[in-house]
Protein chains: 2
Amino acid sequence: MKQGRSRDIIRAGTTVEQMVRAISGLIVTGSLRPGDKLDEGSLAGRFEVSRTPVREALRQLGAMGLVKREPNRSAVVSTVDENHLNSMFEAMAELEGICARLAALRMTVDERRSIEAGHRASHRLIRDGAEDEYAAHNTRFHTALYLGAHNEHIYDLVTQTRARLAPFRRAQFHLPGRLVRSFEEHEAIVTAILRADAATAGNAAYAHVATVRTAAASVVANPQVFADL
Amino acid sequence: MKQGRSRDIIRAGTTVEQMVRAISGLIVTGSLRPGDKLDEGSLAGRFEVSRTPVREALRQLGAMGLVKREPNRSAVVSTVDENHLNSMFEAMAELEGICARLAALRMTVDERRSIEAGHRASHRLIRDGAEDEYAAHNTRFHTALYLGAHNEHIYDLVTQTRARLAPFRRAQFHLPGRLVRSFEEHEAIVTAILRADAATAGNAAYAHVATVRTAAASVVANPQVFADL
DNA sequence: GCCGCAAAAAGTGCATGCAGTTTTCCGTTT
DNA sequence: AAACGGAAAACTGCATGCACTTTTTGCGGC
């Protein structure tokens, strides 16, 4: 394989996989913004591969919903209108609620210990106002929640939804009071889970997303609000 | 486009789209069964196209979860172990519950009228024991439910889940009493929706899937039980 | 007979080329 | 100056070819 020179960076898997990672990386980090055109030739040149793996990557990203493809025209980073954005938030809230509910019932002792420890540790980040670190913690927290539901398929669905919201949730936590609020909401979820109180955990998680969603609604035009998923 | 001869059948869209439809058709209808290898060359020959569009189609089907791909080896129709199957059923139940709940709140007058009319009409199919026709009705019924939730993203998720279950729900409704049971459960859902009773509708839809799931559990080894989704 | 193992066969991964389509650019007309 | 039209440029869609990997095959050793 790899006839010409190789762009070893990100070394792992096939060229197509690298392209999928690379391109979705550009999208998720915001280097490419919704609506931007994805020209196969340019991408191929940029990563020093032929158009073939780029095409396959775009096809896959299309199936995942990150980009939109139409016959004979360039792929485009998916845009979402307000309606669709709302529908994704609503779906996210439902899914998070389900995960929290199931997690409250199914998490192992280790998992409970782990999510609690992580949550406690994040308190320090709040006080220090370490936004970036808190964002990283936040990602881990929610991932733990999704895994805690012990349902492979739901994990896939929620992860996928999360990925599609990713382009829209850059640069947050900068809103005043956001961190503290987030921590408190996490607290409610964790407490309920530790108590194995499924209903409360589910409602708290639903409300957690709903909070963000409400905030988002007030910033409709410039949808850059929601990191806290 | 299309340099050589053309396989016009299914005429529509690009060659890749045709391949996606064709291959997923083979999977959903059972011509290809879970675990079967999908050889690019053979498929290309069979449909008289080059390997390129076949590869892209397989890539897309992989992203959709219908087939599994690993580097340097043939794509394979996705198998699901018992765990994963259960997780998909559980997810389906949750999603159907959500859809029914939202549909009870959001369906337009026309939508309510339409789903009720369809349901009423299906009564005749029960009496006649028209299994195939009832299966078709059943698909429409559930689709109407999903659309009635008026949430684009949830529609995507549930449709996708449904597609992944498709290979496993061939040839059902043949179980004795299945049709009647299904009809009764639909009835409960419809009634609640017409009353705009969200909680009841949600529970009924959840239970509807749970019923099928239970039936499935008793047939673990040969997972050919669940048409009623 | 069966295990190992090397060579052949089959199959995937990617690059390249060309046909067809869309987009861009520019001169012409109104 | 804006609107139109058409040719050139840019780009997508697919076929084909070759390198590399996996699978199969066939044969000698045990």
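Below, each value reflects all heavy atoms present in this structure, side chains not excepted, and no hydrogens, waters or symmetry copies. Every value quoted in this text rests on a predicted model; they were computed, and no experiment measured them.
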Please check the phosphate of [N] (OP1 and OP2 only) for any side-chain N or O of [X] closer than 4.0 Å.
X       : N      : answer
A/Arg59 : D/dT12 : no
B/Thr52 : D/dA15 : no
A/Thr14 : C/dG13 : no
B/Ser74 : C/dT12 : yes

Check each of A/Arg55, A/Arg59, A/Arg46 against A/Glu40 using the salt bridge (charged side-chain N to carboxylate O under 4.0 Å, His left out) test, and report the only one that passes.
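The passing option is A/Arg55.
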Mind calculating the distance between [atom1] ([X]) and [atom2] ([N]) to the nearest angstrom?
X       : N      : atom1 : atom2 : result
B/Asn72 : C/dA10 : CG    : P     : 18 Å
A/Glu40 : C/dT21 : CD    : P     : 16 Å
B/Glu56 : C/dG13 : CD    : P     : 13 Å
A/Met19 : C/dG13 : CE    : P     : 15 Å
B/Arg51 : C/dG11 : CZ    : C1'   : 7 Å
A/Arg69 : C/dT22 : CZ    : P     : 14 Å
A/Leu43 : C/dC14 : CG    : P     : 16 Å
A/Glu70 : D/dT12 : CD    : P     : 13 Å

So which one's nearest nucleotide on DNA chain D is more toward 5', B/Pro53 or A/Leu38?
A/Leu38
For the pair B/Phe141 and B/His186, name the ring-plane relationship: parallel under 30°, tilted 30 to 60°, perpendicular over 60°.
parallel
Identify whether the distance between the nearest side-chain nitrogen and carboxylate oxygen of A/Arg51 and B/Glu56 falls below 4.0 Å.
no
May I ask you to say whether A/Arg101 pairs ionically with B/Glu94, meaning some side-chain N is under 4.0 Å from a carboxylate O?
yes
Any side-chain heavy atom of A/Arg106 sitting closer than 4.5 Å to one from A/Glu111?
no
What's the closest nucleotide to the side chain of A/Ser50 if the choices are D/dC14, C/dG13, C/dT16?
C/dT16
Among D/dG13, C/dG11, D/dT21, which nucleotide has an atom closest to any side-chain atom of B/Asp39?
C/dG11
Can you work out whether A/Arg73 or B/Arg55 has the more 5'-proximal nearest nucleotide on DNA chain C?
B/Arg55
Go nucleotide by nucleotide along DNA chain C from the 5' end; which of A/Lys37 and A/Val16 gets its closest nucleotide reached first?
A/Val16
